[in-house]
Amino acid sequence: MLDIKFIKENVDTVKAAIKNKNEKADIDLILDLDEERRKTQYKYDVLRAEQKKVSQLIPQLKQQKADTTEILAEMSKISLDLKTISSDLNDLNEKLDSLLQWVPNIPHQDVPVGKDETSNKFLKEWGKKAEFNFKPLDHLALSEKNNLLDLKRVTKITGSGFVSYVGEGAAIERALINFMLDFHIKKHNYLELSLPVIVNRKSMYGTGQLPKLEEDMYLIKEEDFFLVPTAEVSITNFHQNEILSHKQLPLKYVSYSPCFRREAGSYGKDTKGLQRLHQFNKVEMVRLVKPQESYQTLEQMLIDAEDILKALGLHYRVVSLATGDLSFASAKTYDIEVWAPGSEKYFEVSSISNFEDFQARRASIRFRDENNKVKYVHTLNGSGLATPRTMIALLETYQQKDGKIDLPECLTSFI
RNA sequence: GGAGACGUGUCCGAGUGGCUUAAGGAGCACGCUUGGAAAGCGUGUAUACGGGUAACUGUAUCUAGGGUUCAAAUCCCUACGUCUCCGCCA
């Protein structure tokens, strides 16, 4: 959510952001409504002040046995007027609020402008594409050889777009999760949280998944609850509606969770194996920081995620997302893409974003600074990492000629 | 799922329709006092949106949303949450 004052003072910036992010939001209508709301609020305040003043006189008048018929009649009229005005005010607030929900965050000035991922900017890479003296297999062939996954039976339990890890496959996935969690906790000093993966509507608004992505979410109708598409939702909303002390900041959290995505609109895309799933596991990092620290923190979180791939010895590259590829709530995002030699493709395994105060405003997460001023925190999150695609790269990179997988030592100690 | 109790500020806690401008206490901050500390004393202590150069000031917020009333923390309805008991299930 953007501050209405900010919108008012930066109309052109906001309109440009909406256009560059391929969003639709009617800023002119918002400004008109805000003006009207302000006027209505003032009318209400004045009349209400009058009502309170006179109401306080009534008991005195009654005590003096004065005739209050006339004054009561007058007050009755004020009361009615107030009702009308306050219902207008409610309508205006509601309308304004629902429009503001659709205004995306402003991209940071460093973010390349462009309408889709073809404008993403290459930043750096680490390691080299693995080379083989035989023709490397892709992860599907490898998992078949080693019996790591079952992609057929799983459709009986649920349907397509789900995976079952079997035997050593399940062990590898579990090792990955434990390895990553441990790494962030011990080496990067994050605090582990284990939170619900079922959240209410308010939380989904808080982190900005709603209203835009409702179609992409699994909904539990009876309760109006959602399955989280990422642990970011649970972690960030952990502090929903709080005023923290500056002494508590920065907060660094890491959490493992399954993630649920309907992937509506991407049927038939990347359906092969582990590429795109309705349910997958992910280790997620979230930080709440003071505003002046957030961009430095973004760089640190990128390094935290990179460290995992380095430890696993997987070649990757980092790109900075263009405005059109940026998520609704993000001001700046780095994607880490890992190389999978058998598939001969880079796969996105991490997305690290700075939301500045966009989520903090929606979820109302504030802090009292050194001068006792209440300000919004900045929120950031990053995958560290998503397991299925990491698994693809892992299997394909460490395959041997005989089709066996020779896993790096950092993982085998977790198996 | 059934029955009941409860929900007040940072926390505890008073408050059954107007004398509440939410008492009182604790905590916290600052000051006085002290060689230093503690105790004591004094002062301050929410958030949001308006108005004003400012001191200051108007409105809203007692879980949330509705209702009754000239007037609601207080009465009524609904939702949510917490706790207790019962039932059911791990």
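Chain letters run A, B, ... following the sequence lines, proteins first, then strands; residues in each count from 1. Side chains are part of it too, since the values below use all heavy atoms of this structure and drop only hydrogens, waters and symmetry mates.
Remark: P of U59(B) and CD1 of Ile85(A) are 15 Å apart, rounded to the nearest angstrom. Atom CG of Asn200(A) is separated from atom P of A79(B) by 18 Å (rounded to the nearest Å). Atoms OH (Tyr44(A)) and P (U59(B)) sit 10 Å apart, rounded to a whole Å. Rounded to whole Å, the distance from NZ on Lys53(A) to C1' on U59(B) is 14 Å. Atom CD in Glu50(A) sits roughly 13 Å away from atom C1' in G58(B) (whole-Å rounding). As rounded to whole Å, 13 Å separates atom P of U47(B) from atom NZ of Lys375(A). As rounded to whole Å, 13 Å separates atom P of G9(B) from atom CG of Asn241(A). Put simply, CG on Leu89(A) is 15 Å from P on C49(B), counting in whole angstrom units.
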| field | Stepwise side-chain contact (heavy atoms from CB on, under 4.5 Å) test for Phe179(A) and Ile308(A) | value | CA-CA 9 Å; Phe179(A) 161 69; Ile308(A) 298 285; 4.1 Å; yes
| request: Could you please spell out the steps behind the side-chain contact (heavy atoms from CB on, under 4.5 Å) verdict for Leu302(A) and Lys124(A)? | output: CA-CA 12 Å; Leu302(A) 173 60; Lys124(A) 58 175 162 179; 4.0 Å; yes
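The gap from the P atom of A5(B) to that of U78(B) amounts to 14 Å, rounded to the nearest Å. Of the C1' atoms belonging to G18(B) and G9(B), the separation is 23 Å, rounded to the nearest Å. Comparing G13(B) with C6(B), their C1' atoms sit 15 Å apart, to the nearest whole Å. For C32(B) and G7(B), the P atoms lie 43 Å apart once the distance is rounded to whole Å. Nucleotides A37(B) and A29(B) are separated by 14 Å at their P atoms, to the nearest Å. G81(B) sits 25 Å from A14(B) when the P atoms are compared, rounded to a whole Å. Rounded to whole Å, the C1' atom of U10(B) lies 15 Å from the corresponding atom of C62(B). Across the C1' atoms, A22(B) and A79(B) are found 26 Å apart, a figure rounded to whole Å.
The phosphate of A60(B) (OP1 or OP2) has a side-chain N or O of Lys52(A) nearer than 4.0 angstrom. At the phosphate of U47(B), OP1 or OP2 sits under 4.0 Å from a side-chain N or O atom of Arg368(A).
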Each nucleotide N or O in nucleotides 51-57 of chain B that has a protein N or O under 3.5 Å away: list the pair and distance.
none

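Between Arg276(A) and Glu263(A) a salt bridge is recorded (basic side-chain N to carboxylate O distance below 4.0 Å). Salt-bridge annotation for Lys332(A) and Glu356(A): absent, with no side-chain N of the basic residue lying under 4.0 Å from a carboxylate O of the acidic one. The pair Asp224(A)-Arg201(A) meets the salt-bridge criterion, with a side-chain N (NZ, NE, NH1 or NH2) lying under 4.0 Å from an Asp/Glu carboxylate O. A salt bridge is defined here as a Lys NZ or Arg NE, NH1 or NH2 lying under 4.0 Å from an Asp or Glu carboxylate O, and Lys15(A) with Asp12(A) fails to meet this definition. A salt bridge links Lys8(A) with Asp34(A): at least one charged nitrogen is closer than 4.0 Å to a carboxylate oxygen.
Applying side-chain contact (heavy atoms from CB on, under 4.5 Å) to Leu137(A) and the options Glu144(A), Glu396(A), Gln399(A) leaves one that passes, Gln399(A).
By the 6.0 Å and 45° rule, Arg317(A) stacks over the aromatic ring of Tyr346(A). For the pair Arg361(A) and Tyr376(A), the distance from NZ or CZ to the six-membered ring centre is under 6.0 Å and the angle to the ring normal is within 45 degrees. Figure legend: cation-pi geometry between Lys252(A) and Tyr190(A), with NZ or CZ positioned under 6.0 Å from the six-membered ring centre and within 45° of its axis.
If you find the closest nucleotide of RNA chain B to Lys5(A) and to Arg366(A), the one lying nearer the 5' end belongs to Arg366(A). When the nearest nucleotides of RNA chain B are assigned to Ile4(A) and Ala49(A) by heavy-atom distance, the more 5′-ward of the two goes with Ile4(A).
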| query | Reading nucleotides 62-75 of chain B from the 5' end, what letters show protein touch, with B for base, S for backbone sugar-phosphate only, - for no heavy atom under 4.0 Å? | reply | ----S-S-BSS---
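A donor-acceptor contact closer than 3.5 angstrom is absent between the side chains of Gln300(A) and Asp304(A). No hydrogens or angles considered: nothing links the side chains of Asp150(A) and Ser164(A) as a donor-acceptor pair under 3.5 Å.
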| Under the 3.5 Å Watson-Crick or G-U criterion, the dot-bracket string of RNA chain B, with | for inter-strand pairs | ((((((((.[[[..)..(.....]]]((((((.......))))))((((((....)))))).[[[[[..)....]]]]])))))))....
